[in-house]
Structures are given as C-alpha cells and as structure tokens.
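Here is the structure we will look at, set down as structure tokens.
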Amino acid sequence: MMALIDVNSMYCSCEEAFRPDLRGRPVVVLSNNDGALVAINRAAKALGLKRGEPYFRCRPLLEKNNVAVFSSNYTLYASFSARFAAVVESLAPRTFVYSIDELFADASHMSQVMSPEAFGRQLRTEVQRQTTLTCGVGVSLNKTLAKLCNHAAKTWPATRGVVALSDPDRLKKLMSLVGAGDVWGVGHRTEKGLAGMGITTALGLAQMDIRLARRLYGVTLERTIRELRGEVCFALEEGAGAKQQLVVSRSFGGRVTQLEEMQQAVTRYATRAGEKLRQEKRWARVVSVFIRSSAYETQGVPYGNQATEVLTLPTQDTRDLIQAAQTGLARIWRDGVRYAKAGVMLADLQDRETQLDLFTPPSLRRGSESLMATLDKINRDGRSRVFFAGEGIDPAYAMRRDLLSPAYTTRWKDIPAAFLR
DNA sequence: TCTGGGGTCCTAGGACCC
DNA sequence: TCTGGGGTCCTAGGACCC
C-alpha cells in the first residue's frame with residue numbers, strides 16, 4: 001500500500017499560519033515577479049479565481065472582494081515544507097518527498113498495526129496539530145491510485161480528507177466518477193485526444209486497449225493504465241536519484257534592452273547556479289544560457305535563443321560558470337529586443353572532478369575550492385553579502401515582489417511576538 | 001505596464017560507426 | 001542495374017508534474 005499526503009493550498013496556508021486575522025478571508029499568492037496567481041485558498045476559489053490567471057487582469061476583482069494578496073515567500077514555504085515532512089516521517093517507515101507540498105509514504109507495513117484509513121487519519125491529524133497545515137491523504141495499491149484517492153479526498157468533503165481504497169469494485173466506482181484528465185500523468189493534450197475516442201473517465205482509461213495507448217501516447221500512458229488496474233509500475237523512490245540538470249532562470253521586473261544589464265542578470269544567475277551546484281556536491285561540464293522576449297510580446301520583435309558552452313573540465317567554480325555563460329550570451333545577444341527573461345542551465349553533472357589525463361592542463365584556478373567554500377559560508381543566510389561585481393548594484397532587472405510577507409520562521413527579527421495580559 | 005520557476009522522462013531524427 | 005543492417009550517441013522538442 002502507498003499513501004500520498006498533500007497539503008491543501010500550501011502557499012496560502014503558510015501565509016495564514018501567523019495571521020489569524022485572515023481566517024475565513026480569501027487569500028491568494030502570486031508567482032515570482034507578482035505575475036500570476038499560483039495559489040488560491042478555498043474562499044478565493046469560491047470567487048471564481050483560477051490558478052495561472054495574470055495578476056493585473058484579476059486585480060479589480062481581488063480589490064473589490066478584499067482578497068489578501070501575497071508575493072511568493074519561498075523561504076517561508078520551504079520552512080513549513082520541512083516541518084510537514086518531518087511529521088510524516090515520524091509516523092511512516094519509508095517516505096519520499098515528491099514536491100514542496102506532497103510526499104509519498106509506504107503504507108504496506110501499517111496493516112499489521114491499524115487500517116489504512118486509520119493510518120491516513122492519524123497522519124492528517126498530526127500534521128494539522130504540529131504545523132497548522134491541512135492535508136489530504138489517499139491510500140491505495142500504487143502511486144497512481146493513491147493520487148486518485150487523494151483527489152477524491154480533496155474533492156468530496158464527506159471524506160473528511162482521507163480516502164483509503166484497495167477493493168477492486170470500490171476503486172472501479174471511484175474511477176467512474178473521476179475525469180480522465182484528473183488522472184496523474186494525463187495532461188491537457190492527452191485528455192483531449194482521449195476524449196476524441198470517447199474516453200472521458202478514469203474508468204474508461206483503465207479499460208483502454210494497452211497496445212493502442214502505447215502506440216498513440218507512449219510508454220508513460222501504458223504504465224498509468226496498468227497502475228489504474230492495480231499493477232505497480234512506479235517505485236516509491238522513482239526520480240529520487242541525483243539531478244540531471246540544474247536551472248536558474250527568472251523573468252525580469254521590467255524589460256531588459258541593454259547588453260550590460262543582461263550581462264549583470266546572467267552573472268547573477270550563474271552565481272546562483274554555482275551555489276546550488278556546490279550544495280548538491282556536483283560538478284558541471286556543460287553551461288547553457290538562454291534569453292528571450294515575452295511570449296505575449298506585442299510591441300517589439302519576438303526573439304529567443306540559447307547557447308551552450310562545453311568546458312574542458314567539469315567545474316564547481318562560479319568564475320568558470322560566469323565566464324562560460326557570458327561567452328554564450330555574446331553569441332546570442334541581439335540588439336533591439338525587449339527581453340523578458342533569461343536563465344542559466346548546468347548539465348552533464350558529475351560526482352567529482354574528473355581526473356586529469358596526460359594532455360589536459362592542470363586547473364588554472366588555484367585555491368578554487370577554499371575560495372568558493374568561503375563565499376558560500378559568508379553568504380549562507382541567503383543574503384549576498386559578497387558577490388561578483390558583474391552582478392551590478394541595485395539592479396534594474398530585479399524581480400518584483402511588492403507584497404512579501406515576513407520570514408516568520410527563519411529570521412530572528414521577523415519572529416512574531418505574542419503579548420499576554 | 002503587467003502572464004512563474006524548476007524539474008523529469010520519452011521520442012524522433014540525424015550523425016556516425018562497423 | 002544495383003546501393004544493407006544494426007547499432008550508439010546526441011539533440012531538440014513535446015508532454016507532463018508541482
């Protein structure tokens with residue numbers, strides 16, 4: 001048995017945790033740059049607000065209904081996420097963190113001690129008690145079915161947040177009530193194609209001819225169908241291995257039109273990528289940089305491009321990353337474009353520096369390791385006290401986050417005070 | 001004026017090899 | 001007149017996830 005535990009409207013719930021005055025009020029959280037809505041609580045959902053909607057477009061509606069609006073406070077959410085995971089891990093033998101707001105837990109051994117239903121309810125109660133977060137729990141025979149049960153737990157209030165099902169007939173009943181597009185692994189494209197063949201429910205998908213599914217949509221959909229039928233195709237730790245690539249990208253607060261400003265942004269992103277790389281204890285050999293105008297560009301020329309640099313030796317040194325990224329940028333930069341976004345990607349990640357062969361010159365960066373370690377130590381708290389001048393000072397490309405809440409759980413001066421009388 | 005960021009996996013097609 | 005078969009590796013792009 002497998003359980004999926006998933007926090008309801010995670011970002012909103014984190015914002016509400018230290019703000020009892022928000023209880024019952026509609027709350028939304030914006031994406032980076034205050035661009036679009038990424039999280040919506042129950043009361044805001046009732047107003048018809050949708051995930052992905054641009055902020056500027058629904059702003060009048062938000063103001064009219066006195067909706068509490070927040071910029072993304074990732075530090076806060078990551079802190080809550082760690083506490084959430086710790087609670088579940090204290091109750092479940094094997095867990096796998098799937099994302100910031102959900103994790104899978106092996107529930108097979110629990111049957112000795114309690115029913116899957118009771119197990120789910122215990123998880124839910126403890127998470128709420130220790131973190132204030134409300135979560136939904138689905139328990140079933142594999143990941144896809146656990147997801148399906150979780151979907152049911154969130155959709156139907158009568159379930160009180162927990163659905164545990166393994167009986168084939170009851171699973172069938174559930175699948176007949178859930179849309180094919182709500183199945184984990186079925187996206188927009190596939191949902192549309194399936195509908196064209198008259199398959200609109202999860203049950204319809206479960207009964208689809210497997211060879212046809214594989215031919216039309218590939219092996220992934222085949223596995224999904226098999227799981228709906230009760231087979232196990234996705235292991236608990238699926239996707240847990242070392243990262244294949246690492247990306248740092250941001251939309252700009254405004255539009256970037258000057259090369260120098262773009263160079264600063266790319267330096268910043270390469271620096272951040274280096275920090276993440278060293279945190280993961282990996283070395284990178286391939287550095288790519290991309291720049292592009294907005295997908296919604298109406299005034300200027302649409303343009304986007306990417307350049308890839310392959311280093312002779314894998315590196316962990318921010319200076320190498322910046323240099324490679326700048327070389328790439330010089331190749332793809334075009335004047336007269338209103339750039340909206342840029343990013344730096346690291347690939348061909350390796351576990352340690354490759355050994356030099358006879359013909360490779362030794363590294364030119366003496367003392368690189370200790371220099372980077374020192375930088376990381378100084379900048380440990382996330383504020384860049386020491387940085388490369390190429391980043392620029394008080395840059396114009398910086399992201400907009402006008403409605404940021406305090407870092408309640410991670411910064412001393414932001415810890416809320418409670419007064420007793 | 002204003003539309004997120006960070007990932008994974010799979011597939012098709014081209015280059016190249018014997 | 002005729003021009004194989006089988007393989008690997010890499011890349012780009014699509015689909016999906018949260």
Side-chain angles (χ1 to χ4, degrees), chain A residues 4-11 28-39 50-60 62 69 71-74 77-78 81 96-104 143-144 147 150-151 181-194 213-224 233-234 237-255 269 272-273 276 280 286 288 290 292-300 304-308 310 338 340-349 399-403:
Chain A
L4 175 69
I5 307 103
D6 164 303
V7 179
N8 300 343
S9 322
M10 167 87 172
Y11 293 1
V28 300
V29 176
L30 305 176
S31 64
N32 273 347
N33 244 337
D34 295 345
L37 308 192
V38 287
K50 295 228 165 57
R51 219 189 105 90
E53 228 173 307
Y55 177 42
F56 75 90
R57 201 178 289 158
C58 56
R59 206 165 163 174
L62 296 171
V69 184
S71 301
S72 275
N73 184 345
Y74 193 79
Y77 313 148
S81 179
F96 172 63
V97 176
Y98 181 68
S99 76
I100 191 160
D101 72 338
E102 68 191 271
L103 49 80
F104 287 103
K143 283 185 161 181
T144 304
K147 271 270 190 186
N150 181 278
H151 175 81
D182 292 325
V183 174
W184 189 43
V186 178
H188 243 88
R189 274 309 261 277
T190 310
E191 180 183 20
K192 229 173 160 181
L194 292 174
R214 181 174 188 136
R215 192 155 54 77
L216 294 179
Y217 298 101
V219 67
T220 317
L221 192 71
E222 174 182 345
R223 290 188 192 133
T224 297
C233 302
F234 303 112
E237 303 89 353
E238 201 93 354
K243 274 194 173 66
Q244 307 296 308
Q245 61 172 31
L246 193 161
V247 183
V248 176
S249 72
R250 295 280 183 283
S251 295
F252 304 127
R255 294 292 182 248
Y269 302 162
R272 185 73 195 98
K276 286 165 86 172
E280 303 260 334
V286 171
S288 302
F290 73 85
R292 62 169 175 78
S293 53
S294 164
Y296 308 92
E297 182 68 55
T298 49
Q299 313 177 19
N305 210 341
Q306 172 173 352
T308 299
V310 180
R338 301 173 67 245
K341 184 175 180 176
V344 171
M345 291 187 277
L346 307 183
D348 195 357
L349 304 185
M399 144 169 112
R400 246 199 344 263
R401 17 151 63 170
D402 298 333
L403 305 160

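Numbered from 1 within each chain, the chains take letters A, B, ... in sequence-line order.
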**Asked** Of the candidate nucleotides C/dC17, C/dC16, B/dG6, which contains the atom at the shortest distance from the side chain of A/Trp184?
**Response** C/dC17
**Message:** Heavy atoms from C-beta onward define the side chain here; which of B/dC10, B/dG6, B/dC2 lies closest to that of A/Thr220?
**Reply:** B/dC10
**Request:** For B/dC16 versus C/dG4, give the span between their C1' atoms, rounded off to a whole number of Å.
**Result:** 16 Å
**Message:** Counting the atoms with a prime plus P, OP1 and OP2 as sugar-phosphate, which does A/Lys192 contact under 4.0 Å by heavy atoms, base, sugar-phosphate, or nothing?
**Reply:** nothing
**Message:** Is the shortest side-chain heavy-atom distance between A/Val186 and A/Tyr217 below 4.5 Å?
**Reply:** no
**Request:** In whole angstrom, give the distance that lies between atom CG of A/Leu246 and atom P of B/dG5.
**Result:** 15 Å
**Asked** Any side-chain N or O of A/Arg272 under 4.0 Å from OP1/OP2 of B/dG6?
**Response** no
**Whole-Å gap separating P (B/dT3) and CZ (A/Arg400)** = 7 Å
**Asked** In whole Å, what is the span from the CG atom of A/Leu221 to the P atom of B/dC9?
**Response** 18 Å
**Request:** Round to a whole Å and report the spacing from CD of A/Glu297 to C1' of B/dT3.
**Result:** 12 Å
For residues 239-248 of chain A, run the donor-acceptor check on the side chains, cut-off 3.5 Å, and write out each pair with its distance to 0.1 Å, sequence neighbours left out.
unit_1, atom_1, unit_2, atom_2, d
A/Lys243, NZ, A/Glu280, OE2, 3.0
A/Gln244, NE2, A/Ala242, O, 3.3

**Asked** Do other residues, nucleotides or ligands put more than 12 heavy atoms under 6.0 Å from the OH atom of A/Tyr74?
**Response** no
**Request:** Would you kindly compare A/Val247 and A/Asp34 by the position of their nearest DNA chain B nucleotide and give the one closer to the 5′ end?
**Result:** A/Asp34
**Request:** To the nearest Å, give me how far apart CZ (A/Arg214) and P (B/dA12) are.
**Result:** 11 Å
**Item:** Residue A/Ser99, side-chain heavy atoms: nucleotide from C/dC18, B/dG6, B/dT3 that is nearest
**Value:** C/dC18
**Message:** For A/Arg57, give me all partners under side chain to side chain contact (heavy atoms under 4.5 Å, CB included), at least two apart in sequence or on another chain.
**Reply:** A/Pro54
**Prompt:** OP1 or OP2 of B/dG5 sitting under 4.0 Å from any side-chain N/O of A/Ser31?
**Reply:** no
**Asked** Looking for any heavy atom pair under 4.0 Å, which part of the strands does A/Tyr98 touch: base, sugar-phosphate only, or nothing?
**Response** sugar-phosphate
**Asked** When we call it a touch if two heavy atoms are under 4.0 Å apart, what does A/Val183 touch: a base, just sugar-phosphate, or nothing?
**Response** sugar-phosphate
**Fill in**
Taken to the nearest whole Å, OH/A/Tyr74 to C1'/C/dC18 is 10 Å
**Prompt:** Could a donor-acceptor pair under 3.5 angstrom be found where the side chain of A/Arg57 meets the base of B/dT3?
**Reply:** yes
**Message:** Under 5.5 Å centre to centre and under 30° between planes: does that hold for A/Tyr296 and the six-membered base ring of B/dT3?
**Reply:** yes
**Prompt:** Under a 4.0 Å N-O cut-off, is there an ion pair linking A/Glu102 with A/Lys147?
**Reply:** yes
**Prompt:** Which nucleotide in the list C/dC18, B/dC2, B/dG6 gets nearest to the side chain of A/Arg338?
**Reply:** B/dC2
**Request:** Please tell me which of the listed nucleotides, C/dC16, B/dG5, B/dT8, lies nearest to the side chain of A/Ser251?
**Result:** B/dG5
**Request:** Please evaluate the base of B/dG4 for a donor-acceptor partner in the side chain of A/Arg401 within a cut-off of under 3.5 Å?
**Result:** no
**Request:** Could you pick out which residue, A/Arg250 or A/Glu53, lies toward the 5' side of DNA chain B when each is mapped onto its nearest nucleotide?
**Result:** A/Glu53
**Request:** Assign A/Asn33 to base, sugar-phosphate, or nothing according to its heavy-atom contacts below 4.0 angstrom with the strands shown.
**Result:** nothing
**Asked** Starting at CD of A/Gln299 and ending at C1' of B/dC2, how long is that distance when rounded to a whole Å?
**Response** 11 Å
**Request:** Search all heavy atoms of A/Leu4 against all heavy atoms of A/Asn150 and return the closest pair with its distance.
**Result:** O-ND2, 3.3 Å
**Fill in**
Pairs under 3.5 Å (Watson-Crick or G-U), crossing ones as [ ], inter-strand ones as |: DNA chain B comes out as ....||||||||||||||
**Prompt:** Looking at B/dT3, B/dT11, B/dG5, which one has an atom nearest to any side-chain atom of A/Val219?
**Reply:** B/dT11
**Message:** Among B/dG4, B/dG6, B/dC2, which nucleotide has an atom closest to any side-chain atom of A/Arg255?
**Reply:** B/dC2
**Message:** Looking at A/Arg51, I'd like to know whether one of its side-chain N or O atoms comes within less than 4.0 Å of OP1 or OP2 on C/dC18.
**Reply:** no
**Request:** Would you please confirm or rule out a distance under 4.0 Å between OP1 or OP2 of B/dT8 and any side-chain N or O of A/Lys243?
**Result:** no
**Prompt:** Which nucleotide, B/dT3, C/dC17, B/dG5, lies nearest any side-chain atom of A/Pro54?
**Reply:** B/dT3
**Item:** Integer-rounded Å distance: B/dT3 C1' and A/Lys50 NZ
**Value:** 16 Å
**Request:** Return no unless some side-chain N or O of A/Thr190 is found under 4.0 Å from OP1 or OP2 of C/dC16.
**Result:** yes
**Asked** Which nucleotide sits closest to the side chain of A/Gln244: B/dT8, B/dT11, B/dG5?
**Response** B/dT8
**Prompt:** Below 4.0 angstrom from OP1 or OP2 of C/dC17, is there any side-chain N or O of A/Lys143?
**Reply:** no
**Request:** Apply the test side chain to side chain donor-acceptor pair (under 3.5 Å) to residues A/Asp34 and A/Ser71: give CA-CA distance (whole Å), side-chain angles for both, the deciding distance (0.1 Å), then the verdict.
**Result:** CA-CA 6 Å; A/Asp34 295 345; A/Ser71 301; 2.7 Å; yes
**Asked** Is it true that atom NZ of A/Lys276 has more than 12 heavy atoms of other residues, nucleotides or ligands lying nearer than 6.0 Å?
**Response** yes
**Asked** Knowing that exactly one of A/Leu30, A/Ile100, A/Asp101, A/Val28 qualifies, which makes a side-chain contact (heavy atoms from CB on, under 4.5 Å) with A/Tyr11?
**Response** A/Ile100
**Message:** Over 60° means perpendicular and under 30° means parallel, so tell me whether A/Phe252 and A/Tyr269 are parallel, tilted or perpendicular.
**Reply:** parallel
